[in-house]
Amino acid sequence: MKKEEREKLVEEVLNKKRDYNTVYNESMRVIDATEKELNRMMEENKKGIDNLLKRTDLDEGYLASLKQKMESDLDVKLEVPETVVVGKASKEVFDEIEKELKDIIIGQDEACEKMAMAFRRPYVTGSDPKKIRNSIVVYGSNGTGRHQLVSSMASLLKKHGLTVSNEVYVLDMKRYQSSTQEILFLQDLYVALVGKNPVILIENFKEASPIFNRMLTELVLEGRCLLNQRYTFANNQLQEATAKLSKDVIDHLDGNDKTLVFITEDKPSKLMDVFGKSFVDHIEDKITTEKFTEEALDKIIDQILKDLETKSETQFELDLVIDDSLKTYLKENYEPNDGIDSLTPITNKIYNCLVNITLQNSDINSIRLTYDETIKASFDEKTVDLDIANDESAERKEIQAELDEIVGLQSVKDYLLSLENNMKIMQIRKQKGLKVSEVSKHMIFTGNPGTGKTTIARIVSRLMKAAGILKQGQLVEVTRADLVGKYVGHTAPLTMNVINSALGGVLFIDEAYSLYRGKDDSFGLEAIDTIVKGMEDHRDDLIVILAGYTKEMAEFLTANSGLKSRFANIIQFDDYTGEEMMLIAKSIAKSKGYFLNENCDKPLQEYFTIIQAKGDPNSGNGRLARNKVEEAILKQSKRLLDNPDDEISELKIEDFNLSD
């Protein structure tokens with residue numbers, strides 16, 4: 001038999017859809033019709049092929065070994081398609097899956113019905129194993145169970161033998177916000193499309209570069225997407241194909257029978273803005289998770305408390321009895337906009353308290369939990385209050401104490417408190433279902449060095465975290481050197497990395513005006529454009545503060561048309577007065593374990609007043625006060641050695657150099 005005929009016959013066998021009876025009958029037909037050589041080969045490998053086709057949990061090592069043996073016998077290169085497991089995909093099976101899904105995802109019956117229908121659809125309509133199996137969109141707010149809906153569906157498909165894996169590959173599109181990240185995106189997409197996972201979950205697509213969203217659109221519409229250049233996959237890396245005749249070249253990505261699930265909080269109209277009308281029209285399965293009804297919330301809280309009981313019994317053999325009053329407490333603390341996520345911190349704290357009680361009282365067998373102004377745990381005729389105090393409340397008190405200690409800046413303090421109050425009212429309006437008027441939280445701090453801009457920025461991050469506006473509350477302080485790259489294509493990903501590190505907190509850019517060195521500064525302009533986009537994409541989880549000299553910052557705002565509108569809050573940090581500088585010096589000395597003799601007050605105030613009156617932007621302000629105190633501490637050391645009986649923590653006027 002000719003080599004070409006052998007290759008054609010083997011390819012025909014291996015590329016048949018892996019229904020056992022169909023492939024077996026086809027194999028027998030081929031065996032009967034071929035010459036002696038092919039008969040010998042097929043008889044030798046028939047047992048292995050039959051076993052392979054019967055299995056629903058294919059072993060990759062076994063498959064590779066069989067493929068290698070067949071290639072050796074036939075002297076050909078075989079392209080074995082990805083295994084498709086054919087289970088019994090009847091309506092009865094999917095009815096059972098739907099029922100089980102509703103038991104897991106409480107309060108989302110309609111979404112569960114539509115999800116089961118979406119995954120059954122390809123079995124009814126048919127699908128091409130090389131293309132995308134189906135595309136689904138799940139709309140809904142945070143905390144309504146969108147991710148759990150997808151992961152639970154994948155697990156049930158595996159349980160009922162319809163897939164070989166329950167893995168869901170998550171493609172977080174906010175990782176690919178610049179076109180320069182193309183190789184990273186393609187590699188992640190390639191892994192998602194060739195892996196065992198039957199489902200690819202795509203989230204945060206609004207934040208991705210339009211280039212990558214267009215590739216996803218092509219996958220949905222065409223079932224595959226063409227690549228702009230050729231690649232090879234080597235050493236677990238997708239690499240550009242340098243040789244024109246490279247083996248295993250990749251110039252497109254097939255859908256490989258994957259199901260794509262897009263998750264979003266936005267309305268359907270927003271999906272069209274990102275992907276276009278053809279994309280939206282193509283998708284048949286659009287699923288919405290609703291906010292929980294009171295009945296659903298009751299069931300969910302019952303399940304949460306039941307899980308707490310089970311966990312306590314399993315982990316430390318504790319019989320936990322929960323009073324209905326605790327259920328009422330959880331309902332009162334449920335936040336509709338955060339969903340079940342709003343209850344997780346409370347139950348975690350309760351569990352940690354139970355752990356501590358058990359560790360301190362090893363002979364406890366039973367605990368009863370109740371709520372009466374506080375959550376109480378009763379055991380062995382004892383009753384203790386569980387410490388689940390709101391950490392944010394304590395943090396807020398500390399922040400207020402710090403603000404009170406900061407000298408001057410009263411107008412800045414008043415602004416921060418008014419911003420916090422506004423945010424709280426907006427949260428209350430949102431909870432009541434009223435219209436919310438969002439105000440810009442981004443700020444520009446203008447003023448000379450040493451006027452407290454960085455200190456206030458740090459307090460802003462903590463204040464917004466305590467108020468529930470920001471999730472993390474960290475301050476990421478950067479300058480031009482941290483944002484602008486050294487070569488073409490470096491700036492955007494560098495800036496995006498900085499933005500991502502600041503998500504949930506405050507990005508503080510000192511001397512921000514240095515980003516704009518004129519229209520010819522393409523690197524600086526690219527950084528500014530990336531910052532503006534990042535602010536838009538993360539408007540609910542990022543505050544950007546720009547700081548610099550007043551005049552230079554005014555010019556900086558002309559660098560990008562979107563800058564000025566996004567920074568409505570321009571806060572001027574005035575130079576300190578002489579009296580304020582003297583008070584700052586006292587505060588700095590106190591923080592270092594010293595105090596100033598009262599005879600220092602008047603001379604220091606007069607000295608600082610003269611310095612500040614000069615209007616020199618480099619006078620130092622708070623930094624000058626710090627320098628003077630540190631100079632005094634060094635000079636005091638010499639005085640103490642000469643006069644060992646003097647108070648060791650006291651700074652006298654002779655310790656200060658006020659002649660310059």
Side-chain angles (χ1 to χ4, degrees), residues 396 399-400 402-403 406 408-427 429-430 436-479 483 498-499 502-516 527-575 621:
R396 182 63 187 84
I399 293 170
Q400 187 60 56
E402 287 184 32
L403 280 173
I406 293 177
L409 303 179
Q410 191 57 49
S411 61
V412 177
K413 296 177 187 177
D414 292 342
Y415 168 76
L416 292 183
L417 296 178
S418 67
L419 180 64
E420 180 192 23
N421 291 336
N422 177 263
M423 297 299 175
K424 288 180 178 178
I425 294 299
M426 290 305 104
Q427 287 181 326
R429 289 182 63 87
K430 189 181 292 185
V436 175
S437 176
E438 293 287 348
V439 298
S440 173
K441 301 182 286 291
H442 307 298
M443 311 172 200
I444 290 181
F445 290 175
T446 61
N448 291 327
T451 49
K453 297 187 291 295
T454 303
T455 300
I456 293 297
R458 190 170 289 111
I459 289 179
V460 167
S461 63
R462 293 171 55 202
L463 183 64
M464 294 298 102
K465 168 66 170 65
I469 310 303
L470 294 174
K471 294 179 181 178
Q472 302 298 329
Q474 78 275 23
L475 177 76
V476 177
E477 184 179 355
V478 296
T479 61
L483 300 169
V498 170
I499 290 174
L503 292 181
V506 171
L507 175 59
F508 180 73
I509 306 176
D510 201 10
E511 297 179 352
Y513 53 82
S514 65
L515 288 174
Y516 180 59
I528 294 170
D529 292 342
T530 305
I531 291 168
V532 170
K533 184 180 185 303
M535 292 165 59
E536 184 64 26
D537 292 340
H538 304 285
R539 63 169 68 97
D540 296 326
D541 204 26
L542 177 68
I543 294 177
V544 177
I545 299 178
L546 308 179
Y549 294 114
T550 304
K551 180 180 177 181
E552 285 80 352
M553 289 304 296
E555 182 180 355
F556 169 73
L557 290 178
T558 65
N560 180 292
S561 58
L563 272 176
K564 194 166 186 179
S565 62
R566 286 173 172 80
F567 289 94
N569 310 309
I570 301 179
I571 305 169
Q572 175 65 34
F573 284 68
D574 295 323
D575 288 343
N621 285 293

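- Across all non-hydrogen atoms, the minimal contact from Ile499 to Gly534 is CD1-CA, 4.2 Å.
- The minimum heavy-atom distance between Phe445 and Ala457, with the atom names listed, is CE1-N, 3.9 Å.
- Looking only at side-chain heavy atoms (C-beta outward), Leu515 and Ile531 come within less than 4.5 Å of each other.
- Here Asp574 contributes atom CG and Thr446 contributes atom OG1; the two are 8.5 Å apart, rounded to the nearest 0.5 Å.
- The environment of CD in Glu552 is crowded: more than 12 heavy-atom neighbours from other residues, nucleotides or ligands sit within 6.0 Å.
- Between Ile456 and Phe573 there is a side-chain heavy-atom pair separated by less than 4.5 Å.
- Annotation for Ala512 and Phe556: closest pair O-CE1, 3.4 Å, computed over non-hydrogen atoms.
- Going from atom CD1 of Ile459 over to atom CG of Leu475 covers 11.0 Å, rounded to the nearest 0.5 Å.
- With rounding to the nearest 0.5 angstrom, the CD atom of Glu511 is 12.5 Å from the CG atom of Leu546.
- Closest approach of Thr454 to Glu477, counting heavy atoms only: CG2-OE1, 3.7 Å.
- Rounding to the nearest 0.5 Å gives a distance of 12.0 Å between CD1 of Ile545 and NZ of Lys453.
- When Val506, Val460, Val544 are each tested for a side chain to side chain contact (heavy atoms under 4.5 Å, CB included) with Met443, only one passes: Val460.
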- Query: Taking it one step at a time, do Asn448 and Tyr549 satisfy side-chain contact (heavy atoms from CB on, under 4.5 Å)?
  - Reply: CA-CA 6 Å; Asn448 291 327; Tyr549 294 114; 3.7 Å; yes

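- Here the closest non-hydrogen pair linking Gln474 and Leu503 is NE2-O, 3.1 Å.
- For the atom pair CG of Leu483 and CG of Leu507, the computed distance is 7.0 Å after rounding to the nearest 0.5 Å.
- Going from atom CD1 of Ile570 over to atom CD1 of Ile444 covers 4.5 Å, rounded to the nearest 0.5 Å.
- Closest approach of Ala502 and Leu542 over heavy atoms only: O-CD1, 3.6 Å.
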